[in-house]
There are 2 protein chains.
Amino acid sequence: MPDPAPTALPVDEARHWSRLMQMAELGAIPGPSPEDRGVNRPCLSPLDREARRLLIRWAGTVGLTVSIDEIGNLFLRHEGTDPSAAPVLSGSHMDSQPNGGRFDGIWGVLAAFEAVQAIRDAGIATRRPIEVVAWTNEEGGRFAPGCMGSMAWAGIEPPSAWDAVTDTAGTTFRQALDEHLAAEADLPRRALGPTGGPSGRAPHAYVEAHIEQGPLLEAEGLDIGVVSGIQGSRWFTVEISGKTDHAGTAPLRLRQDAVQDMLRAITALNALTHDPADVLRFTVGKVEVLPNSSNTVADTARFSVDLRHPDATVLMARGDAIAGVVQAAVRHCRATVRERFHALPTTFDPRVPEAVERAAASLGLRARRLASGAFHDAQFVGSVCPSGMIFVPSRAGISHHPAEYTSSAQLAAGTRALAATLLDLAQS
Amino acid sequence: MPDPAPTALPVDEARHWSRLMQMAELGAIPGPSPEDRGVNRPCLSPLDREARRLLIRWAGTVGLTVSIDEIGNLFLRHEGTDPSAAPVLSGSHMDSQPNGGRFDGIWGVLAAFEAVQAIRDAGIATRRPIEVVAWTNEEGGRFAPGCMGSMAWAGIEPPSAWDAVTDTAGTTFRQALDEHLAAEADLPRRALGPTGGPSGRAPHAYVEAHIEQGPLLEAEGLDIGVVSGIQGSRWFTVEISGKTDHAGTAPLRLRQDAVQDMLRAITALNALTHDPADVLRFTVGKVEVLPNSSNTVADTARFSVDLRHPDATVLMARGDAIAGVVQAAVRHCRATVRERFHALPTTFDPRVPEAVERAAASLGLRARRLASGAFHDAQFVGSVCPSGMIFVPSRAGISHHPAEYTSSAQLAAGTRALAATLLDLAQS
C-alpha cells in the first residue's frame, strides 16, 4: 500500500462550494447581499428530506453505499480494503436553526463527502472503511433538545424518549420521524448504534468539521481550530406564576406581577453566573409573557436559561444553584425551574486532535487548539470512540443567523485538513 | 308632570342578569366554574355584530329607536316629551379584552338599557330624551388605541386617523369598519358627533355605569362608587436593538444582548416611577423577544409601558422622562421609545357626580367618591358635556380576566342608582 502525501489529495474547491450553495437553496432565506443569505431547514421536514436526497444522488455518482438507521441518521460508506476493520466516521448534521446560516452543520457533512471523494479521486485505497454521516436533529430548533440522532446512536437515550416532544405546530417527533422513515423506506436500513454498520464494529475514530461559531480564529488570523473538547451545557426553563390585574387600577403593592418577578430572577441569575474571566456563558434568549397585553399585569412569565462552562465542577455548582436563586429572588409570585437538557463537558481522546494537528502542519495551515463553545454531535459520539473536531473561521464570530459566513477558500482549507486526517486515521 | 320617587323605579334584577348572561355567551371562554367564565368578543367582529343585533332586537320590543354613526357607535333612543331638548346619554361598550370578563363594558350598556326600560315600565314620561349608547372599540384589544368611538364622537380624532391600524391578522381598522357598516346598512344613520342625534343638540349629560376593576369598593363593603374623575394614561413602546450571537460561544463582554439591556431599562424605569404613596401605576405587560431561541442571544426586545396618574403634572413629568432614562440605562444596544397613546387626567363636571350621590342616598345605597384607575369612554365624552360614572364592586378587584365577577344583586343596585340618576337628569 502506498504512503500517500496528504498535500496531494485533490480537494476540489469549486465543486465543494457549488454543492454547499446548492444545499443553501433548500430553505433559503433572502438577505441584503449574496453573503447574507440564510437557511431555514427544519429537521425531518420536506426540505430536510430534499437535502438528504440530493446528497444520496451525489453519493451514487461517487460510488458510496447508503444506509439509514431507525432515527434517520444517514450513512454513506466508502469501502476499505479490510471491510471488517473498524471504520473512520466523519460528518455533522443537515438541519438548521429557524433563522440560520448556510454553513452550520451542512458544511461538516459536505466536507467529509468531499474528503472521501478526493481520496477516491487520488486513486487511494484505504485500509479502513470511511463513513460519511448526517446526524438527525442536531439543532433542536424544531424538536428540543438537539443532538437526538447522535445521542440515540451513542445509546444515551432511546429514540422513544422523545416520542411526545412536539414542534410549534403540534406535530410530535414520533409522527415526524415515522413520516420521514416512510418517505425513505426505499433506503437500506442498518441497526441503530456504533456496531450497526457493515463492519459490525464501533468506529475507530470520529472527526467532525464545523464552522467555529465564535470570533477566535478570525481574530488571530488562523486557518484551523484543533478542538480539544466541548464545554458543558445545561438548559433550564423558569416559569413565574402570579396574578393578572388591570394595569390602571391595581396598586403596585398588591400585584403579583410576573414580569417584575422575572426581572428579579434574571438579575439574581446575572449575579450568580458573573465570571470576571468571562468564560462562563449565561444567556436568557427566550422570553414568553402571558396574557401579553400592554394594559394588563402579566400572570405568567417564562424564560430560558442556557448555561455553559468547560469545567464540569463550575457547571454543576452554578447550575445546581439556579433553582434556589430564582426562588429567593421572586417576591410576589411562585416560580418553578425545570432542567431541559444537560451535557457535561467533553475532553476529546488526544489521538484525534493530534491527527488533526499533524494534518494541518503537513499542509502548512496555521492552527491552534481551542475548546468548542457550542455543543456538537461529537460530544456524544466521543463517549463511544476517539473523536475530535476541525474548526474553520466564522466571520465576526456570527452564527445561527443569515449573516453567518466562511469563505470558499477557508472552507477548502478545512476540508483539506479533514481529508488528510481521515486518510491518516483510515490507514492506521 | 309627576315628581317620581326614584326608589319606585321597577329595575328587574332577573331580566337584567339574564340579558347579561345571554351576551356573555357571545364569545364565551369556558372557565373552571360558572363564576369564572370569560368572554372574548373583539370589536367589529362577527361576535360584536351578533351582540349589537341582540340588543337592537330587545330595543325593538321596548320601543326605542335605533341609529348608528360612521364609526359604528350605536344609539337607542327613548323619546322625551320635549324631543328637541338636549338628551341624556348613558352607556358604555360591548367589545371585550381577548381574555376578558363578562361585565367590563357590556354591563354599562345593559344597565342603561334596563334603567330606560324601568322608567318606561313605571309609566314615566321624561322631559328630555334618553339615549343608550354602545361606543365602538373601547378596549383597543383588536385595534389600538382604545376609545376610538368616543374619541371620534367627541371630535378628538377623525375616524380616518386609524384607517391603517391593523389587527394581528393584518386586517386594517378601515377594512373592519367598512365591513361592519356594510353589514349594518339597514340601520338608520345619524351624523357623527354630539349634535348628530334627532335633538340636534349636544347631550345634557353623560353617565356611564361600569364595574370598578379595582379592589376598593369590595374592601370597604360599599355598593356604589361615585366617580369624580379618571386618572391620565400614557402608553409607550420601547424597542431595544442589539446583535444576535451564539449562546455558547460569544463572550459576554462582546455581546449586544437585547434581553439584558431590556432588564437594565425596566430596572431604571422602576426607579423613575417609584411612588411611596403607591398612586402612580407603572406596568410592563407586553414583552416580545427576537429571535426568541433559547441558545441564541436576542437581537431585539420590545416592551410596553403603561403609565397612569390622576395628577397631570406628575403624569407629564414622569412620562417625558422615560425616553431619557431608557437611553441612559441601555449599555450595549440601541433603544427607541415611541408614545402610542396619551390621555390627560379628567375631573368630571361636579353636576353628574352630585346627581349620582343624590340617587344613591335616596335608594339607601352605601357610596363613596373615588377616581377611576382605568380609562373609559367617559373620559372623552366629558370633554363635550357634563359626565360622570357609577362604579359597582369587582370581586378581588380582578378585571380583564375570566375571573372578573360582580353579583347580580350588586349589579342591580348599580342599575337602580343609574336609573334614578338618569331620571333626575332627564327631568331637569
Side-chain angles (χ1 to χ4, degrees), chain A residues 97-99 140-141 144 146 212-215 231 233 235 237 243-254 257 259-260 263 266-267 270 275 278 280-289 291-299 301 304-306 308 340 372-375 397-401, chain B residues 97-99 140-141 144 146 212-215 231 233 235 237 243-254 257 259-260 263 266-267 270 275 278 280-289 291-298 301 303-306 308 340 372-375 397-401:
Chain A
Q97 285 282 317
N99 190 39
E212 182 194 348
Q213 306 183 276
Q231 68 181 347
S233 310
W235 289 5
T237 300
K243 184 168 84 67
T244 191
D245 263 315
H246 191 292
T249 59
L252 270 66
R253 70 180 183 286
L254 298 181
D257 183 331
V259 167
Q260 290 292 339
L263 208 72
I266 300 177
T267 301
N270 279 340
D275 176 10
D278 205 10
L280 194 144
R281 303 275 178 269
F282 167 71
T283 307
V284 175
K286 189 171 183 178
V287 175
E288 290 169 299
V289 168
N292 216 30
S293 167
S294 66
N295 57 349
T296 305
V297 176
D299 62 1
S304 63
V305 170
D306 181 315
R308 310 198 191 196
R340 289 196 302 130
S372 171
F375 61 78
I398 295 170
S399 182
H400 288 186
H401 191 275
Chain B
Q97 284 283 316
N99 189 41
E212 183 195 348
Q213 305 182 278
Q231 67 182 345
S233 311
W235 289 4
T237 300
K243 182 168 85 68
T244 190
D245 263 314
H246 191 291
T249 58
L252 270 68
R253 71 179 183 285
L254 297 181
D257 184 331
V259 167
Q260 290 293 339
L263 208 72
I266 299 177
T267 301
N270 280 339
D275 175 11
D278 204 11
L280 193 143
R281 304 277 179 265
F282 167 70
T283 308
V284 174
K286 188 170 186 182
V287 175
E288 290 168 300
V289 168
N292 216 28
S293 168
S294 66
N295 57 349
T296 303
V297 176
F303 65 92
S304 63
V305 170
D306 182 314
R308 309 199 194 196
R340 289 197 302 132
S372 171
F375 60 78
I398 294 171
S399 181
H400 287 185
H401 190 273

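Numbered from 1 within each chain, the chains take letters A, B, ... in sequence-line order.
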Given a strict heavy-atom distance threshold of 4.5 Å, which part of [X] is in contact with chain B: side chain, backbone, both, or neither?
X	result
A:E212	backbone
A:Q231	side chain
A:A250	backbone
A:S233	neither
A:N295	both
A:T267	both
A:R281	both
A:D275	neither

Please state whether the side chain, the backbone, both or neither of B:S372 comes within less than 4.5 Å of a heavy atom of chain A.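 No part of B:S372 comes within 4.5 Å of chain A.
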
Tell me, out of [options], who's got the most heavy-atom pairs with chain B below 4.5 Å.
options	value
A:I398, A:I266, A:T237	A:I266
A:L254, A:V297, A:D278	A:D278
A:S294, A:S399, A:A298	A:S294

Heavy-atom pair count under 4.5 Å with chain A, highest-scoring of [options]:
options	answer
B:L280, B:L252, B:V284	B:L252
B:G397, B:G140, B:G373	B:G373
B:P98, B:G141, B:A247	B:A247
B:T283, B:D245, B:V305	B:T283
B:G214, B:S304, B:P251	B:P251

Using the side chain to side chain contact (heavy atoms under 4.5 Å, CB included) rule, take B:L263 and A:N270 through it: C-alpha gap first, then chi angles, then the decisive distance, then the call. CA-CA 11 Å; B:L263 208 72; A:N270 279 340; 3.4 Å; yes

Does B:R308 reach the side chain of A:T249, with side-chain heavy atoms less than 4.5 Å apart?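 When only atoms from C-beta onward are counted, A:T249 and B:R308 do not touch, as no gap falls below 4.5 Å.
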
Compare all side-chain heavy atoms of B:V289 with those of A:K286 and state whether any distance is below 4.5 angstrom.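 B:V289 vs A:K286: side chains apart.
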
Out of curiosity, A:D257 CG to B:F282 CZ, how far, rounded to the nearest 0.5 Å?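 Here the rounded value is 9.0 Å.
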
Report the residues that fulfil side-chain contact (heavy atoms from CB on, under 4.5 Å) with B:T296, sequence neighbours left out, ordered by chain and then residue number.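 Expected list: A:Q97, A:H400, B:T244, B:P291, B:S293.
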
Is it the case that atom NZ in A:K243 sees more than 12 heavy atoms from other parts of the structure closer than 6.0 Å?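 More than 12 within 6.0 Å, yes.
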
